[in-house]
Colleague: 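Dumping the structure here so I can ask a few things about it.
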Protein chains: 2
Amino acid sequence: MAPRSGTRPFSQKTITDVAQRAGVSISTVSRVINQSAPVSSNLENKVKAAIAELDYRPQTAARALAGQKTHTIGLLLAEIGTDFYPLMIRAIEAEARKNHFNLLINVAGDDTSIEGEIPYTLGEYNSDGVLVFPASLSDDELYRMHLNNFPVVLVQRRPPAGLEFPCITIENKLPARKMVDHLIEVHGFRRIAFLSGLADHEDARRREQGYHESLESHGIPYDPTIVAQGYFQKQASQDAVCEWITAGFEFDAIFACDDISAIGALSALNRAGLNVPNDVAVVGFDDIEVSRFLSPPLTTVKVPIQEIGRAAIQQLLAFMNGEVPDMCTHFETELVIRRSCGCR
Amino acid sequence: MAPRSGTRPFSQKTITDVAQRAGVSISTVSRVINQSAPVSSNLENKVKAAIAELDYRPQTAARALAGQKTHTIGLLLAEIGTDFYPLMIRAIEAEARKNHFNLLINVAGDDTSIEGEIPYTLGEYNSDGVLVFPASLSDDELYRMHLNNFPVVLVQRRPPAGLEFPCITIENKLPARKMVDHLIEVHGFRRIAFLSGLADHEDARRREQGYHESLESHGIPYDPTIVAQGYFQKQASQDAVCEWITAGFEFDAIFACDDISAIGALSALNRAGLNVPNDVAVVGFDDIEVSRFLSPPLTTVKVPIQEIGRAAIQQLLAFMNGEVPDMCTHFETELVIRRSCGCR
DNA sequence: AACGCTTTCGAAAGCGCTTTCATAGCATAC
DNA sequence: GTATGCTATGAAAGCGCTTTCGAAAGCGTT
């Protein structure tokens, strides 16, 4: 009966089955599913009944091929293990599903791609648009997508020179500066260490600038011995701070360029028997979920993670619909003073 | 030239373009791409050159439709915001991509599904198999998939009665019991509080059983006043412990059924000015990434999160290939003694 | 009753691929 | 030289949908 049966080990209902059962043509079934054209309520009910009885669901591949849209949004991340993304992805997923889009996830970096093979990532051949996070996609690929007029929204990242993509950014420099100002002005610290992020991460660079500017405006000389790379990683940050301690470097506060690094710093201090904030103050950036539950609760900068995710999808959807998206959606961030800086 | 051109705002190369450029038929191109049949090296090189020149990538939708497989694996989660999943997903993603599969992610719970609409989740119509996590899919849906012989692997969850699915499980009861034993035998605690997880989470239930068994075997009466629901959430756990404290309940240790809850407990204790482990010991379960960086480092049970993820994909792939998968892959877990229990 | 107009529906084409099937080409055996 | 078996290749069918197009049906008007 079914030609080529058995290619799939499991049976699949098709639109033809539904049409037969409802006594209509497949066009009509398609129309009630997609509400793409008026159907008399009589037939509509019959079709709906048939769909329910068969528990029919359209095959997305066939839909995508015929309709020339995949109903899928791609997510290009560099790293998912970090504690920053889960909340973001959750917001993105919710927003995508609300708009009836699927989410395809791709973590760059763990590169298993073999030379000569067709690259196996995300793009116009498997999604209608992608959200690109920092360090996940080369400028070359971005350029290619731009040429193809493929919808891309950059998150926490600005387009490379010459390309125009909508992007979602946050305020980094000013709050970083304010944070260091706070350390200096309110608490009187002068020896403020810094844990930097990744070199190709724009947010991290801007936060570092804020650190520099604050020091400078207070006449505090920049001391590279108490600046280290935290790489957005707990372990690396902990190691760096441990080294400072064993080397005997003096510092009365640490500004970590993200909360992950701050956690590493906290841990190093704790191991060394140093009290936070009495012996050394620690502050971070991002306000990830765990930060307010740390001991002591972390003073940090609140980044509206979920709003960013939601905005990213909304901009992408607008782009995909041919609307003109905001080329730059900028979110403000604000200091959250808790106890790790010495307040209270 | 191209009929219906412009349905997509961006141009797409097709296999026909490649074939023309290489001067061969599309069958040959397909064979080169999929290595599904021998092609003379002469033509193979021409085709590969044409693919490279055009930067061609096959459309997944057409591939899926013609080949009757989507090359996509679905992930059905109840919650992605928890700190447990990122590492798991990362391992899953890496393993999936190594096998040339895409990952479609679906977070249940934030249910936007409208009555009467076709449910918009994962299944045989958009993936070749799914990984089902606890609390993400109803038994009814599982039953339906089983009927359709659709490949499913359950992670941290056993199949409902009557259904056979491969599943990945971990050892819960014994290590939980050992953990409480440790608290009692090594540290001499008798008043051990418990933060439970979600009722429909098997791991959580088994951990609770281990807690009960340990108490019982040491002749310690079960006291429900110092048992509360932590819901795998930091905030809920913190609230619960705060309540115990303000109510004046006595306890010298807290066994949290996962590390997230332990973090909430730690936070509550810290806020109340109580020292861990001197005033109250805290232990958890899972050994999530942050646990060793807490102050103090958390004594917990190490769950091989990444191995679980890898095994889940491997079992699913085996299942999808028609091989007989192990119906139950069981992972051992081990106590990780750090400082929050009072050791050292 | 005949006409035009609108609305509803089905037939059929086609989306870009995989795969079957037939054939052309070639080497080997008689 | 013909019969035989193999391999490499192309033509064409078809995967399950969406969408166009034309026909049929309904309806109001003359």
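Labels below follow one simple rule: chain letters A, B, ... track the order of the sequence lines, proteins then strands, and each chain is numbered from 1.
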Colleague: Going by the angle between their ring planes, with limits at 30° and 60°, are His71(A) and Phe101(A) parallel, tilted or perpendicular?
Modeller: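 Tilted, since the angle between the ring planes falls between 30° and 60°.
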Colleague: In sequence, state the C-alpha distance, the side-chain angles, and the governing distance for Glu202(A) and Gln156(A), and then conclude on side chain to side chain donor-acceptor pair (under 3.5 Å).
Modeller: CA-CA 7 Å; Glu202(A) 293 177 21; Gln156(A) 295 183 269; over 6 Å; no
Colleague: Grab the CD-P distance between Gln35(B) and dC17(C) for me, whole Å please.
Modeller: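 One finds 17 Å between P of dC17(C) and CD of Gln35(B), rounded.
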Colleague: Can you measure Arg63(A) atom CZ to dG16(C) atom C1' for me and round it to whole angstrom units?
Modeller: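 In whole Å, dG16(C) C1' and Arg63(A) CZ are 18 Å from each other.
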Colleague: Classify Ser30(A) by what it touches in the nucleic acid, base, sugar-phosphate, or nothing, heavy-atom distance under 4.0 Å.
Modeller: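 Answer is base: heavy atoms of Ser30(A) come under 4.0 Å of a base.
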Colleague: Would you call Arg90(B) and Glu93(B) a salt bridge, using N to O less than 4.0 angstrom?
Modeller: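 Looking at Glu93(B) together with Arg90(B), the answer is no, because their closest N to O distance does not fall below 4.0 Å.
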Colleague: Using a 4.5 Å cut-off on heavy atoms from C-beta on, say whether the side chain of Ile73(B) contacts that of Asn102(B).
Modeller: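 Side-chain contact under 4.5 Å: no.
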Colleague: With a 4.0 Å cutoff (strictly under), does any side-chain N or O of Tyr56(A) reach OP1 or OP2 of dC17(D)?
Modeller: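 Yes.
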Colleague: Between C1' on dG14(D) and CG on Leu65(A), what's the gap in Å once rounded to a whole number?
Modeller: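 Those two atoms, CG and C1', are 12 Å apart.
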Colleague: Is the distance between the ring centroids of Phe133(B) and Tyr85(B) under 6.0 Å?
Modeller: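 Yes - the distance between ring centres of Tyr85(B) and Phe133(B) falls below the 6.0 Å cut-off.
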Colleague: Generate the contact string for nucleotides 5-11 of chain C. Rules: B means base contact, S means sugar-phosphate contact only, - means no protein heavy atom under 4.0 Å.
Modeller: ---SBBB
Colleague: Would you please say whether a donor-acceptor pair under 3.5 Å links the side chains of Arg63(B) and Asn34(B)?
Modeller: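 Yes, a side-chain donor-acceptor pair sits under 3.5 Å.
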Colleague: To the nearest Å, give me how far apart CD (Gln68(B)) and P (dG14(D)) are.
Modeller: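 Answer to the nearest Å: 14 Å.
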Colleague: Is the closest side-chain heavy-atom distance between Asn106(B) and Arg97(A) below 4.5 Å?
Modeller: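 Yes, their side chains come closer than 4.5 Å.
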Colleague: Considering the terminal five base pairs at each end of the helix from dA1(C)-dT30(D) to dC30(C)-dG1(D), what angle separates the two local helix axes, rounded to 10°?
Modeller: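 Here the local axes at opposite ends form an angle of 60°.
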Colleague: Specify the separation, in whole Å, of atom CG of Asp17(A) and atom C1' of dG16(D).
Modeller: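 Rounded to whole Å, this separation is 11 Å.
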Colleague: Do Glu141(B) and Arg144(B) sit within salt-bridge range, that is, some charged N less than 4.0 Å from a carboxylate O?
Modeller: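 Salt bridge between Glu141(B) and Arg144(B), a charged N being under 4.0 Å from a carboxylate O: yes.
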Colleague: Round to the nearest Å and state the distance from Lys46(B) atom NZ to dA8(D) atom P.
Modeller: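 After rounding, the reported distance stands at 16 Å.
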Colleague: More than 12 heavy atoms of other residues, nucleotides or ligands under 6.0 Å from CD of Glu323(A): is that the case?
Modeller: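 Count over threshold, so yes.
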Colleague: Can you check the Ile15(B) CD1 to dC15(C) C1' distance for me, whole Å?
Modeller: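 To the nearest whole Å, that distance equals 14 Å.
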Colleague: In whole angstroms, how far is the C1' atom of dC17(D) from the CD1 atom of Ile33(A)?
Modeller: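 Computing the Ile33(A):CD1 to dC17(D):C1' distance gives 9 Å.
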